[in-house]
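Working notes for the structure below.
Counting from 1, the numbers follow the sequence of the chain as shown. Read the numbers this way: they start at 1 and go in the same order the structure lists the ligands and their atoms. All heavy atoms count here, side chains included; hydrogens, waters and symmetry mates do not.
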Amino acid sequence: MERRELLKLVSTATLVGGIMGPKSLANAATAPATNVVSRNLFQELGIRTFINARGTITAMTGSLMHQEVLDAIKAGAQEFCMLDEVQDKVGERIAKLVHSEAAVVTSGAFAAITLGLAGVLTGMDEKKVTQLPHLEGTGMKSEVICQKAHDIVYNQALKNTGCKVIMVETKEELEKAISEKTALMFFLNIEADKGKIGHEEWVSLGKKHGIPTMIDIAADVPPVSNLWRFNDMGFDLVCISGGKAMRGPQSAGILMGRKNIIQAARLSMPPRGFNIGRGMKVNKEEVLGMYVALERFVNEDHQATWKDWENRTAKVAKQVESVAGISTRTFVPTLGNVTPNLEISWDAYKLKLDGETLATRLRNGNPSIELGETKPNSVSLTVWMMKQGEETIVANRLVEELKKAKS
Ligand SMILES: *Cc1c(COP(=O)(O)O)cnc(C)c1O
């Protein structure tokens, strides 16, 4: 900004302040308190905030929502409406965006898995809804088939319905495991490359045996096309997190898929009680926030975003490489959290520093910074969840600590 322009701005501000001062103060007194004084609760309660160089981690509160999403949440919180109606209307819009028959906003991908399976088990039978998670003697099916390589902690979401998870490795084992007890065939996208049965084969085996298929793609956008890829492929249910790359509310996710199953799943969801999903409540603010986040994500210029991530990653790399003995490598995971990551490493004999110590020093510094994976002679980071400009702060802190370790 030119000095002249700056001066003009300053004098206008003074003028406005002078004339408008008392009036705007009077307005301020009647305006909602939040617009006038914004409390810094983190400061007030002594909660550490930090620059997130790690990614979308639940323990680190996931992601930060864009302003449009925050606006939707704030506006949504100021009116009453029927919870079912907001889910109906938002569900229709989401379904169109992701090429599915139907969709419902859940309290996360984990809840989407539980509720989707609940829908498969109960159908529209309200008595069965109240019986879950006790399956014996109810006539409900009780087993989910999953590839051994796809068995991760989040499979608890399946077990919460009372179902047993049966592990298989090959197509032959799968076909042998299918029985009248089989409710669902579950697929985990993040480990897709580790299983012996691929996506398409999984779907076609499900169709062949008349068993619904579900896929967990919780952390699998970008690419944005994954939002519809698995619906197009023929999975009956697709579960995704809302608060990871889409930067919707952290306590939201989406269950998408067959209309009849989603209708049934909603019997196990609020506002209805007496069901396993009553504690997995999402209110209108989160439903609306999820919708706006998804819409924004679908319309985002992902190429530009990627370029921005690359540029900022390269900036950090260049700065830390200015310290003698430091080398960097950029890598992109093939499945899950597909964003550029930077590994910063050093010769452990030349630099008396281990990754964990460096990470601790950054965590305890000002501002606090949380890095990604650490190894004895390296640390990793991603600019994915950083605010614009934070990459410079992170790079400066790294350079500072690396230089200190050298001397
Ligand atoms: C994050 C994650 C979940 C859980 O998602 P929430 O939205 O936090 O409920 C489930 N499965 C996988 C593979 C994940 O990465």
For W384 and N337, indicate whether the former's side chain and the latter's backbone hold a donor-acceptor pair under 3.5 Å.
-> no
Close approach of K244 to ligand 1, heavy atoms, under 4.0 angstrom |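 Yes, that is the case, since the closest heavy atom of the residue is under 4.0 Å from the ligand.
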Look only at interatomic distance and state if [X] has a nitrogen or oxygen under 3.5 Å from any nitrogen or oxygen of ligand 1.
| X | answer |
| --- | --- |
| S107 | no |
| D216 | yes |
| I190 | no |

Do we see a donor-acceptor contact under 3.5 Å between the side chains of [X] and [Y]?
| X | Y | result |
| --- | --- | --- |
| H99 | N231 | no |
| E400 | N396 | no |
| N155 | H150 | no |

Can you list the ligand 1 atoms lying under 4.0 Å from a non-hydrogen atom of A219?
->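 Checking each atom against A219, I get 15 (O).
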Quick note on ligand 1: atoms under 4.0 Å from a heavy atom of S241 include exactly 1 (C), 5 (O), 6 (P), 7 (O)
Do me a favour and list the nearest non-hydrogen protein atom to atom 9 (O) of ligand 1 with residue, atom name and distance?
-> F110 N, 2.9 Å
Between T328 and E321, does a side chain to side chain donor-acceptor pair (under 3.5 Å) hold up when you go through it step by step?
-> CA-CA 7 Å; T328 69; E321 275 174 6; 2.5 Å; yes
Out of A111, A218, G108, whose heavy atom is nearest to atom 3 (C) of ligand 1?
->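 Result: the heavy atom closest to atom 3 (C) of ligand 1 is in A218.
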Between D84 and R272, is there a side-chain N and carboxylate O pair less than 4.0 Å apart?
-> yes
